[in-house]
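First comes the structure, then the notes that go with it.
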Amino acid sequence: MKNLIYFPLLMLLFLNCKNDQKSSASDQQTKVNAESVDDSTAHKINEFAIVIHGGAGTILRKNMSPEDESAYNAKLEEAIRVGYDILKNGGSSLDAVEKTINVLENSPLFNAGKGAVFTNAGVNELDASIMDGKNLDAGASAGTKTVKNPINLARAVMEKSPHVMLSGEGAEQFAKEQGLEIVDPSYFYTEGRFKALERVKASQENESARDKSAFYDPTIKDSKFGTVGCVALDKDGNLAAGTSTGGMTNKRWGRIGDAPIIGAGTYANNATCAVSSTGWGEYFIRAMVAHDISALMAYKGLSLKEAAKVVIQKKVPDLGGDGGIIAVDKDGHMVMEFNTEGMYRASMDASGNLTIGIYKD
């Protein structure tokens, strides 16, 4: 009889213990999940962020007039605020990148769009690329002469064609079909850029170097500091990058640099970062600079700052090249790394803090 009484009691005690253990485990799991959420949010320093560059190279304070310095600062601020407003209002990183670069392309101050440098033949040949970090979609154009805003063409290639890169006449035909703004080649003429071409040609003649290609001439290498680019992180956590350029002064034979090459001049991946490059393109192509920074983060676990420093301060110089990059990672960390005397640059974080720089110091 006693056994009949004790057995139900034992069963009841057993079930209560099981429920307590389950409840404790559930509470513990809830605590772990809460800590995981706290950890993930703690690492995100910016809800959104944007960084731009206007090229890197020999940019010395002693060679810059107060008026010119003021003009560059004003245009950099104007451009980045366009993208910042888009991001602040919940717009996409792609829109922010494209519209910001449009401002720089429409300015004669930079070697992109209106301010593009001249080729050896005395014409302007424009390159651009853009990449979406969400799905790794990308678009690029090279060697166009009549498309007012090459970055718009790059985005159209990405979104409206099955291809990644179009070039020359074919790219221009595609631009017309997409309703992009087409201009007469004379639109890109600026007196300062044309005189720069004449100076470079004269320098080559004085050095008896007519047979040298543009990218082997130190004078030309040092004069290339006008490529423009933008990287952005939006409120949805999507990264994007874009780059636009007129290339290298006195370039020949349809030369194309790193700007329109995905992985070299432009790269974006939501898992790591978004990068836009500027510098001596031949070396940035060989080093696959933009992608290498992302790869160092993904495979080696480096921070964005660490990866950018390795590539720009070690890998590119070891090859013989120079230049710089701008980048932003998935958590909103921003980097502006260069190994030249200067780089036109600006950044804005989610709080609206603006940083503008030109020189190394």
Side-chain angles (χ1 to χ4, degrees), residues 51 53 55-56 93-94 97-98 101 112 126-143 150-151 153-155 157-159 161-167 171 215 224 227-233 238-245 247-248 255-300 302 304 306-330 335 337-339:
V51 193
H53 72 73
S93 53
L94 278 172
V97 165
E98 180 182 21
I101 290 179
L126 313 175
D127 310 326
S129 62
I130 196 167
M131 188 166 184
D132 184 350
K134 179 170 60 176
N135 50 24
L136 303 189
D137 278 353
S141 64
I151 195 67
L153 173 54
R155 185 169 182 181
V157 172
M158 177 178 72
E159 297 179 339
S161 86
H163 309 299
V164 171
M165 181 185 289
L166 300 180
S167 67
F215 44 85
K224 182 189 182 302
T227 298
V228 305
C230 177
V231 295
L233 169 70
N238 293 319
L239 291 164
T243 312
S244 182
T245 188
M248 192 169 279
R255 178 264 185 187
I256 296 171
D258 64 302
I261 298 179
I262 301 303
T266 299
Y267 191 74
N269 187 331
N270 278 7
T272 53
C273 62
V275 182
S276 174
S277 307
T278 171
W280 198 347
E282 279 63 33
Y283 293 94
F284 277 64
I285 293 171
R286 289 163 58 192
M288 290 302 289
V289 164
H291 180 267
D292 197 27
I293 291 171
S294 172
L296 285 171
M297 295 175 68
Y299 306 144
K300 205 169 182 180
L302 299 187
L304 175 60
E306 291 168 336
K309 189 170 184 178
V310 168
V311 174
I312 297 302
Q313 303 301 341
K314 175 65 176 171
K315 290 190 173 185
V316 171
D318 282 355
L319 286 175
D322 57 8
I325 61 94
I326 55 169
V328 59
D329 71 13
K330 61 186 179 64
V335 166
E337 189 77 33
F338 55 99
N339 58 32

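When reading the values below, keep in mind they use all heavy atoms of this one structure, side chains included, and skip hydrogens, waters and symmetry mates. Residue numbers count from 1 along this sequence.
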For the atom pair [atom1] ([X]) and [atom2] ([Y]), what is the distance rounded to the nearest 0.5 Å?
X: M158; Y: E98; atom1: CE; atom2: CD; answer: 8.5 Å
X: S277; Y: M288; atom1: OG; atom2: CE; answer: 9.5 Å
X: I293; Y: Y267; atom1: CD1; atom2: OH; answer: 12.0 Å
X: N269; Y: S294; atom1: CG; atom2: OG; answer: 5.0 Å
X: M248; Y: I256; atom1: CE; atom2: CD1; answer: 13.0 Å
X: L94; Y: D132; atom1: CG; atom2: CG; answer: 4.5 Å

Polar contact flag, side-chain donor to acceptor under 3.5 angstrom, T243-S276 =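 Present: a donor and an acceptor within the cut-off.
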So, for [X] and [Y], which heavy atoms are closest and what is the spacing to 0.1 Å?
X: S161; Y: V157; result: OG-O, 2.6 Å
X: K330; Y: N270; result: CB-O, 3.4 Å
X: V289; Y: V311; result: CG1-CG1, 3.8 Å
X: A327; Y: L304; result: CB-CD1, 3.7 Å
X: D258; Y: G281; result: OD1-CA, 3.1 Å
X: D329; Y: M297; result: CB-CE, 4.0 Å

Can you check side-chain contact (heavy atoms from CB on, under 4.5 Å) on V164 and I262, steps first, answer last?
-> CA-CA 9 Å; V164 171; I262 301 303; 4.1 Å; yes
Compare all side-chain heavy atoms of [X] with those of [Y] and state whether any distance is below 4.5 angstrom.
X: I325; Y: F284; result: yes
X: K315; Y: V310; result: yes
X: V231; Y: L239; result: no
X: T266; Y: I130; result: no
X: V316; Y: D322; result: no
X: I261; Y: D127; result: no

Where the side chain of [X] meets the backbone of [Y], is there a donor-acceptor pair that is under 3.5 Å apart?
X: T227; Y: T245; result: no
X: S244; Y: A128; result: no
X: N339; Y: Q313; result: no
X: S129; Y: A259; result: yes

What do the steps show when you test V275 against V335 for side-chain contact (heavy atoms from CB on, under 4.5 Å), and what is the final call?
-> CA-CA 9 Å; V275 182; V335 166; over 6 Å; no
Pairing residues for E306 by the salt bridge (charged side-chain N to carboxylate O under 4.0 Å, His left out) criterion, not counting sequence neighbours =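 For E306 there are no salt bridge (charged side-chain N to carboxylate O under 4.0 Å, His left out) partners, ignoring immediate neighbours.
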